[in-house]
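No experiment lies behind these values; they were computed from the predicted model shown. Scope of the values below: all heavy atoms of this structure, side chains included, with no hydrogens, waters or symmetry mates.
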Amino acid sequence: MIFQRYRTWIRIVLIVYWSALFIGTHAPTVPAGVAEVSDKLLHYLAYGGLAFLLAMDQNARGLLTWRRRGQIFAVVAVYAALDELLQIPVGRTADIRDWVADILGALCGLGGHLLFGWGIRRIFGDAPTQDH
């Protein structure tokens with residue numbers, strides 16, 4: 001597998017990304033430049049990135065199957081719901097539309113990972129996924 005040699009780096013990027021996502025969504029105020037961008041677009045991209053990185057992490061460990069993709073989606077969906085609820089104590093609002101953007105982003109992140117893996121296989125001829 002192509003990604004095995006990068007699994008430590010992929011895990012580090014995942015941990016840093018998820019930590020930054022948590023901190024960013026729990027800051028009491030939104031930075032001025034960020035406030036100008038669509039809130040739903042930010043949610044979509046952030047959770048798409050999270051799902052993509054989770055899939056990369058599992059792929060690098062040889063654990064990515066269709067079932068695991070479903071588990072990744074479920075974890076991201078539950079985390080997104082909890083993330084919305086945990087924003088209330090810091091003075092931000094929980095919004096079901098943010099959660100919908102989160103899960104749509106997660107679906108697209110997983111789909112993007114499939115396309116990424118397909119492209120890698122086309123270019124390098126090595127199967128980066130272990131689909132069963």
Residue pair Ala106 / Ala51: nearest heavy atoms and the distance that separates them: O-CB, 3.5 Å
Euclidean distance, His26 NE2 relative to Leu86 CG, rounded to 0.5 Å: 4.5 Å
Side chain to side chain donor-acceptor pair (under 3.5 Å) partners for Arg68, two or more places apart: Gln58, Gln71
Any residue meeting salt bridge (charged side-chain N to carboxylate O under 4.0 Å, His left out) with Asp39, in chain and number order, not counting sequence neighbours: none
ILVMFWY network linking Val76 to Leu85, side-chain heavy atoms under 4.5 angstrom: no
Any pair counted as side-chain hydrogen bond (donor to acceptor under 3.5 Å, both in side chains), so long as it reaches residues 99-109, sequence neighbours left out: His43-Asp102
Tyr44 to Cys108 - nearest heavy-atom pair and separation: OH-SG, 2.9 Å
ring-ring contact (aromatic ring centres under 6.0 Å, His included) involving Tyr17 - partner list, sequence neighbours excluded: none
Remaining members of hydrophobic cluster (4.5 Å side-chain criterion), Val90: none
Hydrophobic cluster of Val78, others only, ordered by chain and residue number, side-chain cut-off 4.5 Å: Leu82
Separation of Leu54 CG from Leu14 CG (nearest 0.5 Å): 5.0 Å
side-chain contact (heavy atoms from CB on, under 4.5 Å) against Ile15, all qualifying residues, sequence neighbours excluded: Arg11, Ser19
Residue pairs, two or more places apart or on separate chains, that pass salt bridge (Lys or Arg N to Asp or Glu O under 4.0 Å) and touch residues 13-26: none
Minimum side-chain heavy-atom gap Ile96-Glu84 below 4.5 Å: no
Qualifying residues under side-chain contact (heavy atoms from CB on, under 4.5 Å), relative to Ile12, sequence neighbours excluded: Thr8, Trp9, Val16
Partner residues of Ile10 under the side-chain contact (heavy atoms from CB on, under 4.5 Å) criterion, sequence neighbours left out: Phe3, Tyr6, Met56, Asp57, Ala60
Asp98 CG to Asp83 CG distance, which is reported to the nearest 0.5 Å: 9.5 Å
Within-4.5 Å side-chain heavy-atom neighbours: Leu21 and Tyr47: yes
Residue pairs involving residues 67-97 (criterion ring pair (Phe, Tyr, Trp, His ring centres under 6.0 Å); sequence neighbours excluded): Trp18-Tyr79
side-chain contact (heavy atoms from CB on, under 4.5 Å) partners for Ala55, two or more places apart: Leu64, Ile72, Leu110, His113
Gap between atom OG1 of Thr25 and atom CZ of Arg92 - 0.5 Å precision: 6.5 Å
